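Written below as structure tokens is the structure these notes are about.
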Amino acid sequence: MKKILLPLALLTIGFVNAQNIFTENFSGTTADIDGAGWNRTNVSNPVGASTWIVPTAANTAFVGGGYSGGDTSFILVNYNSTTGAGIISNWLISPTIQIQNGDVITFWSRKGGDNTTTIYPDNLQFRISTAGDNSIIPSIDENDLGDFTTLATEINPNQDTTSYPFDWTQYSYTVTGLTGITDCKLAFRYYVTDGGPSGNNSDIIGVDDLSIDRPLSTDAFFKNNFTIFPNPVKDIVNISNTSNLAIESAKITDVNGRTVKEVRNFETLNQINISELNTGIYFLKVTTSQGTGTTQLVKN
């Protein structure tokens with residue numbers, strides 16, 4: 001069995017109401033990734049020549065390049081992680097990131113090539129260590145997980161020929177099991193048994209656009225982007241758009257959830273006249289392309 005690999009020189013889900021905690025688009029160089037605190041470690045058995053790299057030129061296995069960038073805006077790893085037929089365990093580990101329960105971690109991945117030739121199954125594990133800077137990095141052998149014992153997501157665990165997509169596909173994991181904001185490291189583990197240039201499995205995969213987003217309540221979204229005054233208000237409520245978001249609609253509801261006033265079809269909004277409303281407590285809901293915010297409004 002022979003697998004074809006281009007020379008190494010040629011390999012050179014948005015969230016509404018969320019705060020972005022971390023983003024990595026792999027748009028620089030491999031050296032840039034190392035400099036940003038990423039760790040690339042290969043503990044395959046036997047160890048091959050390949051590690052995770054940002055390509056330096058267009059790769060015909062990834063026509064169009066990365067998910068959201070150009071030809072070299074993603075990171076990849078391939079079957080030369082081991083030699084002959086072996087067990088691949090090739091790690092890409094993030095710098096320390098603070099995460100908490102409810103955070104949504106997403107990334108995009110795909111196999112290189114297409115389904116018109118022989119398919120060699122690939123597998124990717126996404127793992128988490130809660131030890132932060134003190135995380136034990138896998139180093140002993142292909143079975144060593146270090147402190148990365150939480151398996152958050154796995155693509156094609158059964159190593160079949162159909163479960164790893166040939167198109168960029170988004171995967172997500174919602175963080176659970178933490179006691180609060182926790183220093184963590186995230187890891188992509190390219191893990192394939194019977195892999196390598198003469199094995200029955202493993203080929204080449206890419207990863208792009210890792211993002212961690214923290215969902216916000218609608219009141220938090222409003223406070224982060226808008227203020228209203230005066231409140232209580234008699235006639236005119238003024239809206240200060242502190243983030244210059246394009247407002248799609250503004251809706252006022254009463255305490256029973258009934259809509260009593262709605263304004264649509266505008267790009268910006270500074271004032272709403274509520275003089276016709278009865279005295280009482282209402283809720284102002286502002287919808288933007290970036291999310292929806294709600295705040296309490298008192299009419300006197």
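Please read these numbers as outputs of a predicted model, since none were measured by experiment.
Counting heavy atoms from C-beta outward, Lys285 and Thr253 have side chains that stay 4.5 Å or more apart. Trp168 places none of its side-chain heavy atoms less than 4.5 Å from the side chain of Asp209. Counting only heavy atoms from C-beta outward, the side chains of Ile212 and Ile97 approach each other to under 4.5 Å. Using a 4.5 Å heavy-atom cutoff, the side chains of Phe222 and Ile228 are in contact. The closest side-chain heavy-atom distance from Phe126 to Ser172 is not below 4.5 Å. With a 4.5 Å cut-off on side-chain heavy atoms, Val298 and Val233 do not count as touching. The side-chain heavy atoms of Val54 and Ile33, taken from C-beta on, include a pair separated by under 4.5 Å. Residues Tyr173 and Val104 have side chains not in contact (no heavy-atom distance under 4.5 Å, counting atoms from C-beta outward).
The backbone N or O of Thr193 lies less than 3.5 Å from a partner atom in the side chain of Gln159, making a donor-acceptor pair. Using a distance-only test at 3.5 Å, with no hydrogens or angles considered, no donor-acceptor pair links the side chain of Lys111 to the main chain of Gly206. Panel note: side chain Asn42, backbone Ser50; a donor-acceptor pair is recorded below 3.5 Å. A donor-acceptor contact shorter than 3.5 Å links the side chain of Asp32 to the backbone of Thr29. A donor-acceptor pair under 3.5 Å is absent between the side-chain atoms of Asn201 and the main chain of Gly195, judged by distance alone.
Ring-plane geometry between Phe74 and Phe62 is classed as tilted, the angle between the planes lying from 30 to 60 degrees on a 0 to 90 degree scale.
Ser243 and Asn225 form a side-chain donor-acceptor contact under 3.5 Å, judged by distance and modelled atom types alone. For Asn78 and Ser81, the side-chain atoms include no donor-acceptor pair closer than 3.5 Å. Judged by distance alone, the side chains of Asp213 and Gln19 never bring a donor and an acceptor atom under 3.5 Å apart. Inspection of the Asn101 and Thr176 side chains reveals no N or O donor paired with an N or O acceptor under 3.5 Å. Defined by atom type and a distance below 3.5 Å, a donor-acceptor pair is missing between the side-chain atoms of Thr82 and Ser44. Residues Asp219 and Thr295 have side chains that never bring a donor and an acceptor to within less than 3.5 angstrom of each other.
The minimum heavy-atom distance linking Lys185 with Asp133 is given by the pair CE-CA, 4.2 Å. Counting all heavy atoms, side chain and backbone alike, Lys299 lies closest to Asn278 at CG-O, 3.4 Å.
Under a 4.5 Å side-chain heavy-atom criterion applied to ILVMFWY residues, the cluster that includes Ile93 comprises Val43, Trp91, Ile137, Leu145, Phe148 as well.
Ring-centre distance between Trp108 and Phe26: not below the 6.0 Å cut-off.
Residues Phe22 and Leu178 share a single hydrophobic cluster, defined by chaining ILVMFWY side chains whose heavy atoms lie under 4.5 Å apart.
Taking a cutoff of 4.0 Å between a charged side-chain nitrogen and a carboxylate oxygen, Arg110 and Asp167 do not qualify as a salt bridge.
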